[in-house]
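These notes concern the structure reproduced below.
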Protein chains: 2
Amino acid sequence: MKGKITLKQISKELDVSISTVSKALKNSTEISLETREKVQAFAKLYNYRPNNIALSLKNRKTKNIGVIIPEIVHHFFASVISGIEHEANEKGYNVIICLSTESFDKEVINMEMLANGSIDGFIISLTKETQMLKDYHHLQEVINQGMPLVMFDRIVDEIKCDKVVIDDKKGAYDAVTELIEIGCKNIGLISTVDYVSVGRLRTEGFLEALKDHNISVNQDAIIKIEDIENCRENIAPLFDHKIDGIFAVNEIFALTAMNIARERGLRIPEDVSVVGFTDGELSKYASPGLTTVSQNGLLIGQEAARMLIEKIEDESEDYKTKIVKTKLIVRKSTKSRS
Amino acid sequence: MKGKITLKQISKELDVSISTVSKALKNSTEISLETREKVQAFAKLYNYRPNNIALSLKNRKTKNIGVIIPEIVHHFFASVISGIEHEANEKGYNVIICLSTESFDKEVINMEMLANGSIDGFIISLTKETQMLKDYHHLQEVINQGMPLVMFDRIVDEIKCDKVVIDDKKGAYDAVTELIEIGCKNIGLISTVDYVSVGRLRTEGFLEALKDHNISVNQDAIIKIEDIENCRENIAPLFDHKIDGIFAVNEIFALTAMNIARERGLRIPEDVSVVGFTDGELSKYASPGLTTVSQNGLLIGQEAARMLIEKIEDESEDYKTKIVKTKLIVRKSTKSRS
DNA sequence: AATTTTCTCCCAAACGTTTTCGTTAACAGA
DNA sequence: TCTGTTAACGAAAACGTTTGGGAGAAAATT
């Protein structure tokens, strides 16, 4: 019993036309009850299922959505995928995933591959390189082709499309405000380079929080890191200043800072309070647990998928930007409020 | 400029037949140079790309591979996906991901969806439920249909197909041997319930290591956990016994144990040495760093994709099982060798 | 001049569906 | 007997490709 059975084979076997088989399977009253039952029984016996590719070609709908992300071994992106997949699955869509591995070229190539009929719409988070180069022609192209596109997290204002983001600035502002309110006077920042949109926004939130509380900024206590792999060396100098609080824009920076601090004999949170960003596994299982700004990846993914599918099915023309709320999750890496 | 341009449109525009356009674009010498150049220029101008769906239908090859995993917010699975994606991408394949979320029914439904022509082959890791129910009809069905299938990690002997696994038993054996050799006398085990294949195998490795070193087994120091969410309550009783070593079958169990130990005033590794399984982010950034058995997810994914694509393209009939080596990564959660 | 070869090019089938529009035959009404 | 209606089914087009087999005309051979 090799290969799937087709309408044609059934029609030949039962000595009726292909169209009769198709209609019979749809239980059309156009076909006599007798024939219908015969066809349906046969189809069931051979476990007939319509071929998706043929359907896609006919309907010009693939029921696939394409997702392009820089990386997947990454708690945030993985949870976004999870959210996308759940929403998509519920609506009868499949998810095709391409990894750009932070390379502009791969991002472009992947988009072009998928844009040639494989999918009905895109969900994408840009690579750092794309954000640096500011080259968005590939995005504009698919939009021009009439293919819906939703961007999340690493977005870009120049492109008009649906977007899902968290309020990075406010998340950072809240985190830093917490540090200030528990009594920190010298707060360090560990961020990414500025062309990464989320890094820039979180830095802005950091600065604004300090300003609003009349705390002057110590430029030496602001570290911007390009390469996450050897962030240790970049972070270490921070402890040459006498700081009592650290805001890091991701979990790894935060934990690395905590580890260095401990090695230098500083206690957490008594001597230094630390707040991170992204509530992943690391924050939860670190010791002490890391106080962190939670960005609900699952929800972001769900929203993105929902917006995309709506665009695919309704073709409406207005572009929305959905802002998913962040929440400060207080654990033991920050002093408790007195 | 909406929608993609087709051969038909080009042919109409240039007043030649569709087949002439197709052949001209393939630079067939059958077509006069003049016509070829005209067609190619036009195609380039309008950025013509063949429609993947039409190609799939024609060639009866989708160049898609389907991956079904229980969960994606999970370091190991995410890295397997990453490995699959890289290998697939290199060979010109796309990856369609479905999450079974540990549900047998979703696994079956997803397989049926994809099996109807959407993909050329499967890579799958079974849900716990499937392993418990021992119902593999959906797997056998796709195999009978002639669709290649590769299983990884959570596999099953009853199904004949290509497989990629790590040597769970040996990994566990090595880990426990390390504990014994650094002087642990009372070693506890934190495992999963037995129907999960990897949990069972790692438990076997644990037992065998003890036996080979003539250490008797204390059944009370063996904990089998069903639900990872509230593993804390299950693990806590372990410390009612005087243990000096712990082998946990995953990172979370290990870290949870470490946290509980610390709360009870036990020092790590001085009082208790802990070894985990899976070298994820948690192990790396925990403090102290967790000694762990590394299972190279990336490599597993690559191997699985490689085997699958070979089956897709060569249709050979022999089934192999590839065993990817584990490696014990020693960090600070275990005493150093004296 | 008649035949064959060569060069261009095009038709049509095929992949597996769905759906519109016939077509045929039986039967009723006039 | 003729027209109209209805039930049951089938042919064909369409989605966008690729490709084997022609076809027509010019060039070359006999």
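To find a chain, count down the sequence lines: A is the first, B the second, and so on, and within it residues start at 1.
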*Please, which pairs that meet salt bridge (Lys or Arg N to Asp or Glu O under 4.0 Å) have at least one residue in residues 6-18 of chain A, sequence neighbours excluded?*
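Sorted pair list comes back empty.
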
_Contact summary for B:Ile5 and B:Gln9, nearest pair of heavy atoms_ = CG1-OE1, 3.5 Å

*Using a strict cut-off of less than 4.0 Å between a Lys/Arg side-chain nitrogen and an Asp/Glu carboxylate oxygen, indicate whether A:Lys106 and A:Glu129 qualify as a salt bridge.*
no

*Any Lys/Arg nitrogen of B:Asp120 or B:Lys63 sitting under 4.0 Å from an Asp/Glu carboxylate oxygen of the other?*
no

*Would you confirm whether the ring centroid of B:His138 sits within less than 6.0 angstrom of the ring centroid of B:Phe104?*
yes

*asked:* Tell me which residues in residues 14-25 of chain B lie within less than 4.0 Å of DNA chain D, going by non-hydrogen atoms.
replied: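 Heavy-atom cutoff 4.0 Å gives B:Ile18, B:Ser19, B:Ser22, B:Lys23.
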
*So which one's nearest nucleotide on DNA chain C is more toward 5', B:Lys58 or A:Pro50?*
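The 5'-side residue here is B:Lys58.
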
*asked:* Just verifying a value: how many Å separate B:Ile123 CD1 and B:Ile84 CD1, rounded to the nearest 0.5 Å?
replied: 4.0 Å

*Going by the angle between their ring planes, with limits at 30° and 60°, are A:His74 and A:Phe77 parallel, tilted or perpendicular?*
tilted

Taking any heavy-atom pair under 4.0 Å as a contact, classify [X]: base, sugar-phosphate, or nothing.
{"X": "B:Arg36", "result": "nothing"}
{"X": "B:Thr35", "result": "sugar-phosphate"}
{"X": "B:Leu7", "result": "base"}

Value in whole Å for how far the [atom2] atom of [N] lies from [atom1] of [X]:
{"X": "A:Glu30", "N": "D:dA11", "atom1": "CD", "atom2": "P", "result": "14 Å"}
{"X": "B:Lys8", "N": "D:dA13", "atom1": "NZ", "atom2": "P", "result": "11 Å"}
{"X": "A:Leu57", "N": "D:dT18", "atom1": "CG", "atom2": "P", "result": "13 Å"}
{"X": "A:Glu37", "N": "D:dA8", "atom1": "CD", "atom2": "C1'", "result": "15 Å"}
{"X": "B:Gln9", "N": "D:dA14", "atom1": "CD", "atom2": "P", "result": "14 Å"}
{"X": "B:Lys61", "N": "D:dT17", "atom1": "NZ", "atom2": "C1'", "result": "17 Å"}

*If you measure only the distance, is there a donor-acceptor pair under 3.5 Å linking the side chains of A:Glu112 and A:Asn116?*
no

*Could you give the start and end, 5' to 3', of the contact zone on DNA chain C for chain A, using atoms under 4.0 Å from its heavy atoms?*
C:dC15 to C:dC21

_So for atom NZ, which belongs to B:Lys322, do other residues, nucleotides or ligands contribute more than 12 heavy atoms lying within a distance under 6.0 Å?_
no

